[in-house]
Amino acid sequence: IVPKDRIYKLKNNQFKKISALFGCAMPTGVGLAKKIIKNTSKKDFIIIYGIGGIGIVALATLLFFKFKNIIVIDKDINKLNLSKKMGALKSLKLNDFLTKINKDEINIENIAGAIECSGNIKLIECAFKYLKKDGLCIIGGNVKFGKKFKIDPYDIIFGKKIVGTVGGDISIKENLSLFEKIIKKNTLMKKYFLKHQYNIDNINKAFKDFKSGKVLRPLIKL
């Protein structure tokens, strides 16, 4: 049962399958990206922590708006390779990123924005810590209920900002055409999302593959 105000008509039938993302991944990822670009210039660096379904949409959205100084952090080499092919400037595991920070190969004062999509406590703390003094950190990942993270209050005192979002805080109806444009622009993302399809009889395998990180978003065929 779905309420009427949550039903949207697609203008183009080519988005019939990929539109499964329009309920969560697209609005959340697009919303995160739109929030971050309000506070950054195209010369600034933006870090995306976690390149799952939401993270990859956020990356595609930033690229759509011609932001190119994007660094992606994840532990999965396949996801890092995908983000690199899509257009990320750097795709790194966390330890490699921290090494570059410590060696001043990446200057924190150039990092204006951080998008946290993993829900991992350590990554949330890093996302807020490794920002310039007036940088913005947006949390989009779901942290396990009851978990806490630590931040330095002086970072807030001196200008850093940290906010959260539910579903990207954007209207699905008003952004449907934007979703379609982003997907059209990044055909690699579309191809990857449609790569893993499961019949309803294999729903348990879909859950298992998703939980293990084998797939970003399993598509279920009814």
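Computed from a predicted structure; not experimentally measured.
- Contact detail for Cys117 and Gly50: the closest heavy-atom pair is CB-O, 3.6 Å.
- For the pair Lys42 and Lys68, the minimum side-chain heavy-atom distance is 4.5 Å or more.
- In this structure a side-chain-to-backbone donor-acceptor pair under 3.5 Å is missing from Asp44 to Thr40.
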Inset, instruction - Apply the test side-chain contact (heavy atoms from CB on, under 4.5 Å) to residues Val72 and Leu92: give CA-CA distance (whole Å), side-chain angles for both, the deciding distance (0.1 Å), then the verdict. - result: CA-CA 6 Å; Val72 168; Leu92 304 168; over 6 Å; no

Inset, instruction - Test side-chain contact (heavy atoms from CB on, under 4.5 Å) on Leu32 and Thr28 and set out the steps. - result: CA-CA 6 Å; Leu32 286 166; Thr28 305; 4.1 Å; yes

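- If you take CG on Asn102 and NZ on Lys100, they are separated by 12.0 Å, rounding to the nearest 0.5 Å.
- At distances below 3.5 Å, at least one donor-acceptor pair connects side-chain atoms of Ser83 with backbone N or O atoms of Leu80.
- Taking each heavy atom of Pro27 and Ile170 in turn, the nearest pair found is O-CD1, 3.5 Å.
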Inset, instruction - For Lys190 and Lys184, run side-chain contact (heavy atoms from CB on, under 4.5 Å): C-alpha distance rounded to whole Å, both residues' side-chain angles, the deciding distance at 0.1 Å, then the answer. - result: CA-CA 8 Å; Lys190 181 181 178 181; Lys184 277 185 177 180; over 6 Å; no

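- Here Lys75 contributes atom NZ and Asn95 contributes atom CG; the two are 12.5 Å apart, rounded to the nearest 0.5 Å.
- Between Ala25 and Ile54, the closest heavy-atom pair is CA-CG1, 4.1 Å.
- The hydrophobic cluster containing Ile101 does not contain Ile70, counting ILVMFWY residues as joined when their side-chain heavy atoms lie under 4.5 angstrom apart, directly or transitively.
- Of the inter-residue distances, the one linking Asn78 atom CG with Lys214 atom NZ reads 11.0 Å to the nearest 0.5 angstrom.
- Side-chain contact between Glu109 and Lys133: present, with at least one pair of heavy atoms (C-beta onward) separated by less than 4.5 Å.
- In this model, a donor atom of one side chain and an acceptor atom of the other lie less than 3.5 Å apart for Lys34 and Asn175.
- Ile203 is listed as a side-chain neighbour of Ile220, based on a closest heavy-atom distance under 4.5 Å.
- Side-chain contact between Leu131 and Cys137: present, with at least one pair of heavy atoms (C-beta onward) separated by less than 4.5 Å.
- For the pair Leu62/Ile48, a side-chain contact is recorded, criterion being any heavy-atom separation below 4.5 Å from C-beta on.
- Residues Leu82 and Leu188 are in side-chain contact: their nearest non-hydrogen atoms beyond the backbone lie under 4.5 Å apart.
- The ring pair (Phe, Tyr, Trp, His ring centres under 6.0 Å) contacts involving residues 19-69 comprise Phe22-Phe179, where partners must be two or more places apart or lie in separate chains.
- Between Asp209 and Lys205 there is a salt bridge, since a side-chain N of the basic residue sits under 4.0 Å from a carboxylate O of the acidic one.
- Here CD1 of Ile111 is found 13.5 Å from CG of Leu136. Values are rounded to the nearest 0.5 Å.
- Neither Ile139 nor Ile115 shares a network with the other; the hydrophobic side chains, linked directly or stepwise wherever heavy atoms of I, L, V, M, F, W or Y lie under 4.5 Å apart, form separate groups for each.
- Distance alone, capped at 3.5 Å, places no donor-acceptor pair between the Asn186 side chain and the Ile183 backbone.
- Val163 and Ile37 fall within the same hydrophobic cluster, defined by Ile, Leu, Val, Met, Phe, Trp and Tyr side-chain heavy atoms under 4.5 Å apart, directly or through other members.
- Each of Ile106 and Ile51 belongs to its own hydrophobic cluster when Ile, Leu, Val, Met, Phe, Trp and Tyr are linked at side-chain heavy-atom distances under 4.5 angstrom.
- The side-chain contact (heavy atoms from CB on, under 4.5 Å) test applied to Ile121 returns Glu125, Val143, Lys147, Phe149, not counting sequence neighbours.
- With sequence neighbours excluded, the residues forming a side-chain contact (heavy atoms from CB on, under 4.5 Å) with Leu94 are Ile73, Phe97, Leu98, Lys122, Leu123, Cys126, listed by chain and number.
- Residues in residues 186-220 take part in no ring pair (Phe, Tyr, Trp, His ring centres under 6.0 Å) pair, two or more places apart or across chains.
- Applying the salt bridge (Lys or Arg N to Asp or Glu O under 4.0 Å) rule to pairs touching residues 78-94 yields nothing, sequence neighbours excluded.
- Inter-residue side-chain proximity for Thr61 and Val57 is flagged as met; some heavy-atom pair is nearer than 4.5 Å.
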Inset, instruction - Decide yes or no on side-chain contact (heavy atoms from CB on, under 4.5 Å) for Ile46 and Ile71, but give the supporting numbers first. - result: CA-CA 6 Å; Ile46 298 171; Ile71 299 174; over 6 Å; no

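- With a 4.5 Å cut-off on side-chain heavy atoms, Asn110 and Lys132 do not count as touching.
- A single hydrophobic cluster is not seen to contain both Leu63 and Ile47; linkage of ILVMFWY side chains at heavy-atom distances under 4.5 Å, directly or through other members, places them apart.
- Note that the CE atom of Met26 and the CD atom of Glu180 stand 9.0 Å from one another [nearest 0.5 Å].
- Within the structure, salt bridge (Lys or Arg N to Asp or Glu O under 4.0 Å) contacts touching residues 150-178 (residues at least two apart or in different chains) are Lys35-Asp169, Asp155-Lys160.
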